[in-house]
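Contents: one structure, followed by commentary.
Computed from a prediction, not measured in an experiment: that's the story for all the values here. Below, chains carry the letters A, B, ... as their sequence lines are ordered, and counting in each starts from 1.
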Amino acid sequence: MSTVIKGGEAAIRASHKLVAEQRRGDVAVPELSAAQVREQLGLGVDRVISEGSLYDRELAALAIKQSQCDLAEAAFLVRAFRATLRRFGVSAPFDTDKMAVRRRVAPIYKDPPGGQFLGPTYDYVHRFIELGQDPIEECRDDDDAPLDPTAYEAADTSAIERSVGGLLAEDLLEPLPGGDPSGKVADLTREPLSFPAQRDTRLQALARGDEGYLLCLAYSSLRGYGRNHPYIADLRIGEVAVSFVIPEIGLSVTLGEITVTECQTVHQPGNVPDAPPRLTRGYALVLGQNERKAISIALLDRGLRAEELGEEPLLPTQDEELVLANCDNVSSAGLVQHLKLPHYVDFKGQIQVLRRRRAEYERSRAEQEEQAAE
Amino acid sequence: MMRDDTEFLEDDVYNFAYLDEDTKQMIRRTILKAVAIPGFQVPFGSREIPLPHGWGTGGMQLTASLLGQSDVLKVIDQGADDTTNAVSIRRFFKRTTKVRTTRSTREATIIQTRHRIPEHPLTEEQILVFQVPSPEPMRTLVRTEAETRKLHAAGDYSILYLKLYEDIARFGNVATAYNHPVLVNGRYVAAPSPIPKFDNPKLHRNRALLVFSAGRENRIYAIPPFTTVTSLDLEDYPFAVEPQEGRCHLCGSTSAFLDERVTDDGDRVFACSDTSYCEERRRAKRRPNEPVTDRAIEESAGQ
């Protein structure tokens, strides 16, 4: 009897049935709703929004539920959906200086201009798994009065100056690079990644890259595989309004509000001959509340500017093809797992060649032994 | 619970063949460019589709862009219609287009394939869509794309010839068993996708349009009908197909590409990798041991 790796319609249907059963789990436990995911598993939703590169909390929540909270799979579902959406235009650039800030830290100053706002963060939570009472839940019960918004929200966002403003005034920080004068911005979802990549393309690729991959690469740049020690100059999370100019009537309309995380880092000067010594920059903007990812991206952005800044690109995090071409988890998850597909045709070819090489090896060994015996 | 296949289109959420019309138009334009520059890898804005990258998304985007209501689609993987991924892709297009699908090579107008070219010669009426994992024939030798692009532009393929030479010097023969690079129309070297060397000669002056796409790598390229395609070789080591051993235990073919299977007893048995070809031959076979002629196949197919 021969064993063949082939499966038909029936096998696939049966497999899907098993998935449905596994996903539902014990039917005695109430089924989770997408609304519950959206409201109570919000950071997972944010990750899916970011890697799925589509700001749709409802859809992301649904994808999380559908994928049993396999977030890479959920991001994939969102991407596949977004690919079907028609592009009717490009929104106007938004100004993160006008962000409704919920969280803002500027660790290079003791008392940064505009103040610091911790906002909702796990940074200072002691990481005990609370088997009984959750300490965060306890805080909620502490007093019935709602928090005073002025205690945690910037009253006047324009008061939050760029913490880098002072450095710029002293010319100790490089000015922001000018964009394309035509105002044209690359669109990675419509045009392929090609190398060398411009900064807009690079930041887009990183913004939807896999958080784990970016995090660990950024980590490597701090652990010895990097020579541009970073400081976070300004990290903020909040809401920005997205507006769109209707070309026919030339009017700008606000489409809605999105949550974004922005990170600006400053690093050692580059190595450009005759340039004044100035701090250099890294930058990140990520959809949703994703500060671990935003920091990682800012570090990698700076690393990938190596050549531009006159540094010899020797490290993995300075290699744009390595960093950018491999950061997408929809692509990487797909290809790594394609190894599950049948490969017997090319494998057979491989074995044929191996048999021939083996025969050749045996023959030459026998010859050598014969000669040695003589 | 899984939704019934027929519910899918009725929701009207997705366009015919899944991709929106703008995307399909963009892909068709890319195909035209690829046809105009045979063997040249044309970049395109590959989209995500609901199958994972590396599982045929490039080929699927081509198929989606090429399919019309009257097309007949065949999908094969490793030459076979009943391999899991082929079933899955065929099912995808059934759901999203409701076009007619077939297992027969001669009936199909569009054939999407992974790793094989059908045994039965194709016609001018047909398009063969290849799924390509890695479109760059020099990728393992030259790490950066910026560099390989320059080499293609200059038509400098010496590194590939050097690889052939090194194989011969080290192993005594050319060590590629599949995905052996081909020179298309005397200009661009292309990866034939990992088809076995056995299939390389079928690329030469094929009557059908051969289109290749790597979704993850954002590349489409083509070999137009009747294009000259030569497999790279050296004068004193001309390109040769791996000698086939065995005979199909189902249809008796010795000339088709044969899969090798190891039985529970440890014996090796052979069977055609192209299941459509094998079935056709078995249908045409009137008596055991009678050789199957082309004529018998034609007659049987006509019935």
Side-chain angles (χ1 to χ4, degrees), chain A residues 1-9 11-13 16-17 19-20 76-87 187-196 319 321-322 325 328 330-346 348-354 356-357 360, chain B residues 1-2 13-15 18-20 22-23 43-55 57 77-80 82-85 87-88 91 114-116 133 143-146 171-173 175-179 194-198 216-219 242 257 259-264 269 273:
Chain A
M1 202 199 123
S2 67
T3 320
V4 188
I5 323 167
K6 284 183 182 179
E9 302 267 2
I12 289 178
R13 281 197 79 83
H16 290 180
K17 206 171 163 188
V19 168
F76 177 21
L77 288 167
V78 169
R79 285 268 195 98
F81 183 83
R82 95 186 283 291
T84 69
L85 301 176
R86 246 187 142 140
R87 176 72 41 110
D187 183 352
L188 190 59
T189 69
R190 288 295 183 267
E191 299 143 12
L193 185 61
S194 64
F195 298 105
D319 180 340
E321 293 205 20
L322 175 84
D328 191 73
V330 175
S331 290
S332 55
L335 190 71
V336 167
Q337 295 190 89
H338 107 289
L339 297 171
K340 294 181 280 190
L341 294 179
H343 278 84
Y344 50 78
V345 165
D346 31 1
K348 181 204 162 190
Q350 195 87 329
I351 290 295
Q352 280 183 329
V353 169
L354 184 63
R356 288 223 321 268
R357 274 184 60 191
E360 180 61 30
Chain B
M1 279 306 295
M2 268 196 54
V13 176
Y14 297 107
N15 193 22
Y18 193 76
L19 297 174
D20 65 89
D22 293 348
T23 296
F44 80 112
S46 176
R47 307 292 198 254
E48 289 85 358
I49 44 174
L51 267 79
H53 282 183
W55 298 52
T57 54
D77 182 350
Q78 317 285 309
D82 60 351
T83 36
T84 331
N85 205 42
V87 169
S88 166
R91 193 164 157 269
R114 174 169 173 266
H115 294 196
R116 276 308 313 277
R143 198 166 55 85
T144 77
E145 193 200 307
F171 310 125
N173 56 66
T176 50
Y178 56 90
N179 210 11
I195 54 172
K197 265 164 125 175
F198 178 91
R216 218 171 25 78
E217 302 283 346
N218 300 281
R219 293 293 182 277
E242 294 289 325
F257 187 83
D259 293 338
E260 191 179 307
R261 297 169 185 178
V262 178
T263 63
D264 291 349
V269 298
S273 128

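With a 4.5 Å cut-off on non-hydrogen atoms, F195(A) touches chain B through its backbone and its side chain both. With a threshold of 4.5 angstrom between heavy atoms, D319(A) approaches chain B through side-chain atoms but not through N, CA, C or O. For I49(B), the part lying near chain A is the backbone, with the side chain staying farther off; criterion is any non-hydrogen pair under 4.5 Å. Using a 4.5 Å cut-off between heavy atoms, R87(A) makes no contact with chain B at all. At a 4.5 Å heavy-atom cutoff, the contact between T189(A) and chain B is made by backbone atoms alone. If you measure heavy-atom distances from R190(A) to chain B, the contacts under 4.5 Å come from both the backbone and the side chain. Only the side chain of E321(A) comes within contact range of chain B, with heavy atoms under 4.5 Å apart.
Residues R91(B) and R13(A) meet the side-chain proximity criterion, which asks for heavy atoms closer than 4.5 Å. You'll find the side chain of H53(B) stays beyond 4.5 Å of the side chain of H338(A), heavy atoms only. Side-chain contact check for I12(A) versus T84(B): some heavy-atom pair is nearer than 4.5 Å.
Legend: residues meeting salt bridge (Lys or Arg N to Asp or Glu O under 4.0 Å) with E48(B), ordered by chain and number and at least two apart, are R79(A), R208(A). Scanning for salt bridge (Lys or Arg N to Asp or Glu O under 4.0 Å) contacts around K197(B) gives E242(B), with sequence neighbours left out.
By number of non-hydrogen pairs under 4.5 angstrom with chain B, the leading residue of V353(A), L339(A), L341(A) is L341(A).
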